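Working notes, structure below.
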Amino acid sequence: MGSGILSELKIKDLSEEDRPRERLCSLGAQALSNAELLAVLIGSGTKEHSALRIAEEMTQGEGLYRQVARWHQVQEFSHIKGLGNARAARILAAMELGKRIACASAIESGHIASPADGAQYLMGRLRNETHEKFLVLLLNTKNRIIKMEQIAEGSLTTAVVHPREVFAPAVVSHAACILVAHNHPSGDPYPSPEDRDLTRALEDAGSILGIPLLDHLVIGDGSYYSFKEHGDL
């Protein structure tokens, strides 16, 4: 619907399902609430629940950040009445695009020039995870990202990692150096004694292999800890 036609209508005259979409066309996406944006993705509801109502239930409190952003499979949406696989797939696709856009600027800048660049690249992907995930960024001689690999996924508090698993893809991909990172689901990025022990082991292994450890980042909820910035590397 074009803006000319929309100007002749009043929002209250539109169905509840159409309001978010029409508001987006009229006012722009930035004017919509989280629930309204999600309702646009859902598209249509059921006889019992409108798209907006479904979206409001999914985003109650911090539901969008503490729940929806942490889901990776369509099956994780199965308990939401009226959603269905097709709508869940649209939401997952939008979430993944958002994560990739959040990561994009570090790559567009050409290389990981600082711990902040690494944290910016990884924050959107790791900050909302419910379990610890350990990732490695493989870098070339100019600190450009060759690829990213997940090495381990663990429990709420730990992911078991061995140096050989971290450096195996680095050797195969002929990486010049690596940057590793993991998340703390608690949101507090301060490293544990085990994090410090692992960092020392990786630093030693990198020295032997000639593939230095550039940094170890611990990702929290909107914040990070860099071993390099704190003089631990």
Side-chain angles (χ1 to χ4, degrees), residues 1-2 6 9 11-105 107 120-136 147-157 159 181-187 219-222:
M1 183 177 293
L6 180 61
L9 297 173
I11 294 296
K12 67 180 181 179
D13 295 328
L14 300 172
S15 70
E16 186 177 12
E17 291 181 358
D18 285 336
R19 291 175 192 173
R21 183 170 59 249
E22 299 302 334
R23 277 170 45 77
L24 187 150
C25 293
S26 175
L27 305 174
Q30 70 279 359
L32 272 63
S33 67
N34 288 340
E36 288 174 319
L37 289 170
L38 196 55
V40 173
L41 289 173
I42 293 171
S44 60
T46 66
K47 292 181 179 179
E48 293 79 17
H49 302 284
S50 69
L52 184 57
R53 179 57 185 160
I54 295 171
E56 286 172 344
E57 291 179 359
M58 293 174 66
T59 57
Q60 285 180 350
E62 292 188 320
L64 181 68
Y65 308 106
R66 301 301 184 188
Q67 177 173 280
V68 179
R70 294 178 170 181
W71 290 341
H72 302 285
Q73 302 294 331
V74 167
Q75 293 79 2
E76 294 177 275
F77 292 81
S78 61
H79 66 284
I80 300 174
K81 294 181 180 180
L83 195 60
N85 288 349
R87 297 179 181 90
R90 283 200 296 268
I91 295 169
L92 282 178
M95 289 292 181
E96 180 61 24
L97 281 173
K99 291 176 182 178
R100 294 184 184 186
I101 290 171
C103 294
S105 60
I107 288 183
Q120 181 181 2
Y121 180 74
L122 295 163
M123 184 67 67
R125 189 165 294 280
L126 288 176
R127 70 179 296 181
N128 292 311
E129 294 292 339
T130 56
H131 294 77
E132 278 203 10
K133 290 188 175 183
F134 192 96
L135 308 178
V136 58
K147 66 188 299 186
M148 177 179 69
E149 289 203 13
Q150 179 174 311
I151 302 302
E153 180 173 356
S155 65
L156 289 171
T157 57
H182 75 282
N183 62 300
H184 280 179
S186 67
I219 303 298
D221 187 6

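These numbers come from the heavy atoms of this one structure, side chains and all, not from hydrogens, waters or symmetry mates. Keep in mind it's a predicted model, so treat the numbers as computed, not measured.
Remark: L126 CG to E132 CD distance equals 10.0 Å, nearest 0.5 Å. How far CG of L135 is from CD of E153: 10.0 Å, rounded to the nearest 0.5 Å. Going from atom CG of N128 over to atom CE of M123 covers 10.0 Å, rounded to the nearest 0.5 Å.
No donor-acceptor distance shorter than 3.5 angstrom exists from the side chain of N183 to the backbone of I219, with no hydrogens or angles considered. Checking side-chain atoms of R23 against main-chain N and O of L32 turns up no donor-acceptor pair under 3.5 Å. Put simply, the side chain of R90 gets close to the backbone of I42: a donor and an acceptor are under 3.5 Å apart. With hydrogens and angles ignored, the 3.5 Å screen pairs a side-chain donor or acceptor of E36 with a backbone N or O of S33.
The side-chain contact (heavy atoms from CB on, under 4.5 Å) with L38 is formed by just one residue from the set L52, I91, I54; it is I91.
Shortest non-hydrogen contact noted between A88 and V74 is CB-CG1, 4.1 Å. Across L37 and A29, no two heavy atoms sit closer than the pair CD2-O, 3.7 Å. Across every non-hydrogen atom of A55 and A35, the tightest pair is CB-O, 3.1 Å. Pairing each heavy atom of H184 with each of H182, the nearest pair is NE2-NE2, 3.2 Å.
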>> Please determine whether side-chain contact (heavy atoms from CB on, under 4.5 Å) holds for the pair M148 and R125, giving the CA-CA distance in whole Å, both sets of side-chain angles, and the decisive distance to 0.1 Å.
In response: CA-CA 12 Å; M148 177 179 69; R125 189 165 294 280; 3.6 Å; yes
